[in-house]
Peer 1: 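Structure incoming, see below.
These numbers come from the heavy atoms of this one structure, side chains and all, not from hydrogens, waters or symmetry mates. Letters go in sequence order (proteins before strands), and every chain restarts at 1. Here the structure is a predicted model, which is why all the values come from computation and not from measurement.
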Number of protein chains: 2
Amino acid sequence: MDKQLKRMATMQRIQTTGLEIFYQKGYFNTSIDDILKELSLSKGAFYYHFQSKEEYFISIVQNLLFRKVYSSLIEPIEGQEDPLNKIVACFDDALETAEHNFLDYGFVLSNFITEFNGKNPDIMNYLQDILKVWEVNLVTALQKGKTDGYVDRHIDSEAVATYLISSYIGIRTLMVEGNSKMLRYKYIQQLRQYFKLIEYKEPA
Amino acid sequence: MDKQLKRMATMQRIQTTGLEIFYQKGYFNTSIDDILKELSLSKGAFYYHFQSKEEYFISIVQNLLFRKVYSSLIEPIEGQEDPLNKIVACFDDALETAEHNFLDYGFVLSNFITEFNGKNPDIMNYLQDILKVWEVNLVTALQKGKTDGYVDRHIDSEAVATYLISSYIGIRTLMVEGNSKMLRYKYIQQLRQYFKLIEYKEPA
DNA sequence: AGGGTAACAGACTGAAAAGTCTGTTTACCC
DNA sequence: GGGTAAACAGACTTTTCAGTCTGTTACCCT
């Protein structure tokens with residue numbers, strides 16, 4: 001195989017597996033050996049490609065996590081008509097993947113934010129940047145919804161975006177306890193209710 | 001000092017400091033030595049009172065965390081008239097203490113749930129029990145609100161309770177990034193909006 | 001007052017984990 | 001096909017940490 005390609009492939013492999021295990025066990029509770037065992041790879045290989053555990057984790061955040069959050073939670077809404085329904089559909093999709101124990105990257109993100117809060121400001125910045133992109137994009141979608149006649153002009157888009165993200169993070173935290181199907185159903189139900197307040201009303 | 005009292009006092013001291021440091025640094029990232037250094041106490045003293053780090057943590061959850069969650073988030077609502085306004089006031093209070101970097105126990109709880117998820121089922125049970133008590137109590141308050149004429153009879157109390165807890169946990173996760181005053185304001189604003197849907201409406 | 005036990009001190013042990021270093025294999029180039 | 005550097009293997013070092021163990025102090029009871 002081409003060496004450049006091989007290098008890329010190996011790094012990808014190490015990062016992908018790392019994200020899964022860091023998510024499952026937490027950063028501080030996961031050893032490099034845990035990941036290498038899963039990969040049947042040696043220490044030498046790892047430290048050939050990455051300088052340290054921290055630099056390795058940051059590369060995962062930037063390369064994998066950011067892109068995944070973008071493609072699963074931002075792109076499906078970006079530039080679309082009818083933002084409210086798109087948001088509901090997008091959140092519901094993400095929660096469904098979470099139900100089947102796959103990675104739900106919005107939650108992975110908030111999980112890491114919780115873990116690194118107050119412990120590693122450097123990593124926190126990278127994580128919060130993703131959160132900001134998400135928030136900015138929701139605000140943009142809501143504003144566009146106003147001009148397109150889908151969203152009530154009087155609402156505070158930033159407040160709504162904040163409320164949306166917080167409720168999403170919260171419901172995913174609750175979903176870890178198991179009864180996730182019911183929780184998802186209840187959550188989406190209440191989200192639709194909430195959106196009734198926000199949607200454009202025909203002027204009387 | 002009476003020996004029994006001294007024993008209680010020392011254990012309390014160890015537990016209180018432990019909760020603070022575990023919250024700040026995380027369970028897995030905190031060593032017993034960290035806590036003992038803060039207390040100027042020895043290993044011998046610690047292991048005289050507690051069997052292991054795990055048993056120690058569980059005692060903190062049951063003795064301190066449970067009671068604090070109860071007194072800060074459950075008791076203020078329990079049995080009161082006008083549950084919706086009581087809930088807003090209670091959440092606002094808790095978020096205000098969080099702003100000043102004091103311990104907000106609802107968040108401490110969800111923090112630990114995030115940290116122990118998938119890692120320690122035993123501890124998870126103790127944590128989720130607290131969450132259940134919180135939820136049950138909100139449901140009860142909402143139901144009582146229905147009979148007392150404060151809450152719309154058509155709402156799904158369990159769904160609302162779930163939504164409340166999740167949004168609270170979520171907003172606290174977001175508040176770690178600093179701009180907490182604004183976040184709190186936006187959150188409470190949207191919460192009031194949401195409650196307009198739920199409150200009792202005079203029959204036409 | 002002094003024996004006994006609870007409460008505590010702190011050195012020690014063993015395991016785990018991040019990172020290093022030296023040696024080996026594999027792929028590319030001439 | 002042999003030289004070279006990239007890619008990897010794995011033993012080793014150093015630190016950290018949970019838990020142990022032996023010794024010491026403080027308090028209580030008779």
Peer 1: Residues two or more places apart in sequence or in another chain: which of them pass salt bridge (charged side-chain N to carboxylate O under 4.0 Å, His left out) with Glu158(A)?
Peer 2: Lys186(B)

Peer 1: Between Lys86(B) and Asp82(B), is there a salt bridge with N-O shorter than 4.0 Å?
Peer 2: no

Peer 1: Check whether any side-chain nitrogen or oxygen of Tyr48(B) sits under 4.0 Å from OP1 or OP2 of dC8(C), and answer yes or no.
Peer 2: no

Peer 1: With distance as the sole test, does Asn120(B) use its side chain to make a donor-acceptor pair with the main-chain N or O of Ile123(B) at under 3.5 Å?
Peer 2: yes

Peer 1: In whole angstrom, what separates Tyr56(A)'s OH from dA18(C)'s P?
Peer 2: 11 Å

Peer 1: Give the rounded distance in Å between these two atoms: CZ of Phe46(A) and C1' of dG10(D).
Peer 2: 16 Å

Peer 1: So which one's nearest nucleotide on DNA chain C is more toward 5', Gly44(B) or Tyr47(A)?
Peer 2: Gly44(B)

Peer 1: So, is Thr10(B) near the phosphate of dC8(C), with a side-chain N or O under 4.0 Å from OP1 or OP2?
Peer 2: yes

Peer 1: Strictly below 4.0 Å, N to O, side chains only: are Asp34(B) and Lys25(B) in salt-bridge contact?
Peer 2: yes

Peer 1: Output one line per pair: protein atom, nucleotide atom from nucleotides 13-16 of chain C, and distance, for all N/O pairs under 3.5 Å.
Peer 2:
none

Peer 1: Starting at atom CD of Gln51(B), determine the distance to atom C1' of dT20(D), rounded to an integer number of angstrom.
Peer 2: 14 Å

Peer 1: Taking OP1 and OP2 of dC8(D), is either one under 4.0 Å from a side-chain nitrogen or oxygen of Lys6(A)?
Peer 2: yes

Peer 1: What's the closest nucleotide to the side chain of Ser52(B) if the choices are dG19(C), dG19(D), dA9(C)?
Peer 2: dG19(D)

Peer 1: Can you find a side-chain donor-acceptor pair between Gln15(A) and Ser59(A) that sits under 3.5 Å?
Peer 2: yes

Peer 1: What contact category does Lys43(B) fall into here, base, sugar-phosphate, or nothing, at under 4.0 angstrom with non-hydrogen atoms?
Peer 2: base

Peer 1: Would you kindly check if the NZ (Lys) or CZ (Arg) of Lys119(A) is within the cone defined by 45 degrees around the ring axis of Tyr27(A) and under 6.0 Å from the six-membered ring centre?
Peer 2: no

Peer 1: Atom NZ of Lys37(B) to atom P of dG10(C): distance rounded to whole Å?
Peer 2: 15 Å

Peer 1: Which heavy atom of Ala161(B) sits nearest a heavy atom of Val139(B), and at what distance?
Peer 2: CB-CG2, 3.7 Å

Peer 1: OP1, OP2 of dA6(C) versus side-chain N and O of Arg7(B): anything below 4.0 Å?
Peer 2: no

Peer 1: Send over the distance from Met8(A) CE to dA27(C) P, rounded to a whole Å.
Peer 2: 19 Å

Peer 1: When you check the phosphate oxygens OP1 and OP2 of dA6(D), does a side-chain N or O of His49(A) lie under 4.0 Å from one of them?
Peer 2: no

